[in-house]
Number of protein chains: 2
Amino acid sequence: MTASETATRLMDAAQLLIMERGYNAFSYKDLAESVGIRTASIHYHFPSKGDLGLAVMGRYLGQLDDALARIDRTAKSGKARIKGLVKVFAETESRGAICMCGSLAASLETLPAELQEAVAEYLDRCETWIQRVIADGGREGEFAYAGKPAEAAAALLSGLQGGLLVARARTARASVLANVQRLFLNTLEAA
Amino acid sequence: MTASETATRLMDAAQLLIMERGYNAFSYKDLAESVGIRTASIHYHFPSKGDLGLAVMGRYLGQLDDALARIDRTAKSGKARIKGLVKVFAETESRGAICMCGSLAASLETLPAELQEAVAEYLDRCETWIQRVIADGGREGEFAYAGKPAEAAAALLSGLQGGLLVARARTARASVLANVQRLFLNTLEAA
DNA sequence: GTCTATAGGTGGATAGAC
DNA sequence: GTCTATCCACCTATAGAC
């Protein structure tokens with residue numbers, strides 16, 4: 001069930017709008033103007049806004065899996081893997097956007113139940129991956145961190161999500177994620 | 001210019017709704033039902049939704065100043081001060097809400113310019129305070145942290161904002177901010 | 001697959017009586 | 001200060017022609 005050309009362009013536009021404005025601040029009218037069709041035509045591809053949101057999140061989840069798998073393949077150390085993950089988020093930071101998942105999480109209570117679950121799934125998958133990288137790095141002696149990998153993973157995930165939020169809103173223009181990364185690796189490596 | 005009883009209740013309701021659902025997901029109708037008046041009456045107190053948002057953020061900013069001043073008075077070490085700040089956010093976490101500022105930051109581009117500036121002001125004020133605490137702690141030998149206080153401050157602020165976001169959305173129910181705090185203090189104290 | 005037309009609801013906001 | 005009544009723009013969604 002590969003998505004059609006139009007469906008893909010609709011998902012692209014929706015994802016961008018969610019990352020820039022939020023789920024409750026974009027409409028079928030916005031999508032229609034962006035893609036160049038009428039609002040009624042969108043319902044052919046995605047019957048309801050919830051369906052569209054779910055499809056976009058599903059794709060976003062797949063993109064995360066791909067990115068993490070690629071990092072696992074190419075990065076040879078725990079440190080390099082953490083840096084690889086930060087880089088994924090830093091790309092979003094440089095575009096002045098926030099993680100789609102963070103955006104949705106901010107309006108969590110207004111979302112359809114299935115979409116809420118997809119948001120939780122994304123965060124869990126992300127956190128679990130970080131946890132594994134830290135645990136592996138600890139076993140192999142790369143990291144000196146003495147605490148529980150699960151705790152550090154939750155803290156890094158928070159730093160990444162919040163970092164995007166803060167970077168866009170505050171007046172200082174330097175990268176926030178660079179600081180998050182520095183502090184985090186500092187912690188893992190210190191005795 | 002003390003706010004009237006009704007104006008205060010309207011701001012209370014608006015703040016709660018923003019922290020739970022987001023700026024674009026609450027309406028004058030919601031407020032009217034919560035406070036027990038008609039939607040038209042709200043416009044007497046706050047001509048536009050932007051005016052209301054600005055008033056609520058102004059109050060929120062004052063609450064931050066009060067909280068930070070209180071921590072400065074009562075907490076006697078840098079570590080205690082950081083813990084005091086985390087506690088302020090942890091209160092929000094325990095209510096299953098997120099920082100109003102983080103909520104607004106997620107929909108930043110949809111807000112009136114003045115409201116965007118207020119959000120930035122809140123984050124800046126918060127970050128500056130953390131920075132000062134770290135710098136003081138470094139001078140007095142309490143913290144061994146060798147990096148720039150500004151960088152660490154940005155990272156902690158990110159962790160706090162993101163921690164609230166993550167705590168509400170992910171499946172695991174333990175406190176996320178507790179992990180953020182542990183990792184951060186760990187970093188400051190390690191050599 | 002996309003269109004026109006339209007329904008039915010909700011959004012923030014205003015005028016004017018009380 | 002709060003009300004009723006109303007405006008108009010916008011929202012998601014559907015029906016049915018092409």
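Numbered from 1 within each chain, the chains take letters A, B, ... in sequence-line order.
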Separation of atom [atom1] in [X] from atom [atom2] in [N], rounded to whole Å:
X	N	atom1	atom2	answer
A:R38	D:dT12	CZ	P	16 Å
B:Y23	C:dG11	OH	P	14 Å
A:F26	D:dC10	CZ	C1'	15 Å
A:L10	C:dG1	CG	P	12 Å

Across the strands shown, which category fits B:Y44 at heavy-atom distances under 4.0 angstrom: base, sugar-phosphate, nothing?
-> base
Just call it for B:F46: base, sugar-phosphate, or nothing, with non-hydrogen atoms closer than 4.0 Å on any strand.
-> nothing
Considering only side-chain heavy atoms of [X], which listed nucleotide, [options], is closest?
X	options	result
B:H45	D:dG1, C:dT14, C:dT2	D:dG1
A:I37	C:dT14, C:dT2, C:dA5	C:dT2
A:Y28	C:dA5, C:dT2, D:dA13	D:dA13
A:K49	C:dC3, C:dA13, D:dT12	D:dT12
B:K29	C:dG11, D:dA5, D:dC10	C:dG11
A:H43	D:dA13, D:dC3, C:dG12	D:dA13

Step-by-step side chain to side chain contact (heavy atoms under 4.5 Å, CB included) determination, A:R125 to A:L61 | CA-CA 9 Å; A:R125 230 177 263 192; A:L61 213 47; 3.7 Å; yes
Is [X] close enough to [N] that one of its side-chain N or O atoms is under 4.0 Å from OP1 or OP2 there?
X	N	value
A:S27	D:dC11	yes
B:T6	D:dG1	no
A:T39	D:dT12	no
B:S41	D:dG1	no

Take A:L85 and A:V133 through the side chain to side chain contact (heavy atoms under 4.5 Å, CB included) test and state the conclusion after the steps.
-> CA-CA 11 Å; A:L85 178 66; A:V133 169; over 6 Å; no
Does a side chain donor of either A:D124 or B:T171 reach within less than 3.5 Å of an acceptor in the other side chain?
-> yes
Report yes if the side chains of B:E121 and B:M57 come closer than 4.5 Å at any heavy-atom pair, otherwise no.
-> no
Return the orientation label for the A:Y60 and A:Y122 ring planes: parallel under 30°, perpendicular over 60°, tilted otherwise.
-> parallel
